[in-house]
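To start, the structure under review is shown below, and the notes come after it.
In this chain, numbering begins with 1 at the start of the sequence shown.
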Amino acid sequence: MATRPLSPTEDYTRDRKLLKHLRDNVHGNIFLEPDNLDQRLRDLKQLGLTHMVYPGAVHSRFEHSLGVYWLAGKSIDIITKYQGHELAIERFDVLTVKLAGLLHDVGHGPFSHAFERGFLPLVLNGSTWSHEEMSVKMIDHIVDKHNIEIDDELIKKVKEMITSCSQSDQCSQKENKFLYDIVANGRNGVDVDKFDYIVRDSRACGLGCSFQPERLMETMQVVEDEICYPAKDYLTTYKLFAIRADLHRTVYAHAKVKAVELMVIDALVKANPHFHITSAIHQPSDFWKFDDSILKRIEYSDEPELQESRDLLLRIRRRDLYQYCNEISVPKERLHHFPKVTPQDIVCSQTGGTTLKEEDVAVSNVKIDLTRGRENPLERIKFFKEYGSNEKFPIPDDRISHLLPTSYEDFIVRVYSKKPELVEAVSAAFENYQQRMLGMNAQVHNTPNKKKHQKKLAY
């Protein structure tokens with residue numbers, strides 16, 4: 001393994017016979033160095049159940065991981081070209097960054113974040129499991145399973161890059177910590193992971209995307225061990241976060257997408273005792289068996305204990321979804337202390353008429369932010385005036401535009417009725433809840449009478 005700095009024009013892989021040539025529908029030609037890929041990611045849709053609303057959103061985490069690998073390589077290539085000798089970037093560093101991009105999502109469970117943030121908290125109260133931590137375990141499993149000969153220090157740093165440790169005292173890297181911000185940026189959220197999925201997801205869903213990651217990649221410069229951008233590109237960095245937030249609102253957190261997610265989560269909860277899903281989340285040898293195909297395993301099973309799960313999946317097939325009743329956006333002044341709403345909260349707010357039970361109600365609590373909760377991520381991004389400058393600085397919003405937001409997080413509460421005939425009762429209970437908690441009716445409009453009087457469809 002080379003220990004000398006790369007020259008600005010040196011090719012990272014000298015023997016092109018060792019490269020795999022792939023054609024990606026977003027980045028074009030991709031040349032891949034590693035021989036062993038986690039093929040399981042082919043069976044995990046990048047956007048989980050979003051394809052039930054956006055039919056084109058069937059791309060996989062395998063495709064996304066290849067894209068992040070490619071962009072991570074291009075980023076380190078650009079930095080090496082202009083600052084390679086100055087920063088003493090080695091071949092070891094290049095390979096580490098690219099591998100981190102390729103492997104950053106190997107710990108994901110089925111159905112994207114619905115598994116991690118929806119299913120697990122229901123079956124494991126207080127669960128702190130994360131796909132990043134599972135990715136670290138999966139990397140060890142892949143290396144052992146395929147008998148891959150690879151430098152231990154390289155694998156250690158790959159894991160640290162995936163878990164965004166650049167701001168942590170546990171990070172083993174003492175110099176060139178900027179390398180840790182390329183794939184998963186713990187400092188300010190500007191990383192090639194977002195560069196890929198924002199463009200890829202927008203295209204798959206048939207949406208336009210005005211964000212051009214190449215602009216930021218080609219103009220970035222490392223100043224005092226931090227990746228910085230030209231001051232004139234301030235609005236380009238803002239656009240990254242704004243488009244991400246818009247994707248969350250219109251795609252990832254679409255009301256019907258959430259309805260399907262809630263139904264699949266309920267199906268998995270009921271199927272968990274049969275498949276022992278939760279017992280596998282800490283064991284890579286078992287975890288790798290769980291991908292999106294678990295729904296097919298439920299649907300095709302004749303096991304009587306899976307009947308309730310099969311019924312829910314059949315409802316999804318027939319488009320007999322949990323019925324969206326209404327939603328509220330929590331007032332800005334209440335964001336910092338407003339609790340997550342539960343079905344029990346809604347049931348306890350009913351005042352008469354039809355008697356609701358907790359199992360009749362589903363609630364989706366959706367937080368949409370610019371990656372740092374109520375904080376402005378732009379305040380953490382550093383800029384420079386001209387190339388070669390050793391000065392880096394943040395740019396306050398009021399120096400750029402008074403049209404930029406003054407709040408950086410939305411908290412949306414959506415309530416669903418699991419039975420069409422209960423929409424009116426659930427909607428009324430939700431309105432009572434708003435009056436009790438907020439002292440007002442915070443929803444934009446009332447639930448339409450047509451939806452309230454809807455009856456269960458007959459098949």
Answer yes or no: is there an ion pair linking [X] with [Y], defined by an N-O contact shorter than 4.0 Å?
X	Y	answer
Glu224	Lys382	no
Asp292	Arg61	no
Asp77	Lys74	no

_Exam field: side chain Ser127 to backbone Leu124, donor-acceptor pair closer than 3.5 Å_ =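 No; judged by distance alone, with no hydrogens or angles, the pair does not exist.
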
To the nearest 0.5 Å, how far apart are [atom1] in [X] and [atom2] in [Y]?
X	Y	atom1	atom2	value
His51	Cys205	NE2	SG	11.5 Å
Met52	Leu321	CE	CG	7.0 Å
Glu424	Thr354	CD	OG1	7.5 Å
Lys45	Asp291	NZ	CG	9.5 Å

*Stepwise side chain to side chain donor-acceptor pair (under 3.5 Å) test for Thr447 and Asn326*: CA-CA 6 Å; Thr447 305; Asn326 223 313; 3.2 Å; yes

*List the steps, then state whether salt bridge (charged side-chain N to carboxylate O under 4.0 Å, His left out) holds for Lys258 with Glu261.*
CA-CA 5 Å; Lys258 286 300 177 182; Glu261 284 186 4; 3.1 Å; yes

*asked:* By the definition salt bridge (Lys or Arg N to Asp or Glu O under 4.0 Å), identify the one residue from Lys332, Arg249, Lys367 that meets it with Asp410.
replied: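 Of all the options given, the one that passes is Arg249.
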
*Hey, mind stepping through Arg244 and Asp369 against salt bridge (charged side-chain N to carboxylate O under 4.0 Å, His left out) and telling me if it holds?*
CA-CA 9 Å; Arg244 175 185 175 274; Asp369 59 27; 3.7 Å; yes

*asked:* Would you say the rings of Trp129 and Phe115 are close, in the sense that their centroids are separated by under 6.0 Å?
replied: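 Centroid separation for Phe115 and Trp129: below 6.0 Å.
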
*Before giving the answer on side chain to side chain donor-acceptor pair (under 3.5 Å), spell out for Arg187 and Tyr180 the whole-Å C-alpha distance, their side-chain angles and the decisive distance to 0.1 Å.*
CA-CA 10 Å; Arg187 301 196 213 213; Tyr180 287 67; over 6 Å; no

*Phe383 vs Tyr234 aromatic rings, parallel, tilted or perpendicular, using cut-offs 30° and 60°?*
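Ring orientation, 0 to 90° scale: tilted.
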
*Do Phe275 and Lys289 come close enough that some side-chain heavy atom pair is under 4.5 Å?*
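No. Closest side-chain heavy atoms not under 4.5 Å.
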
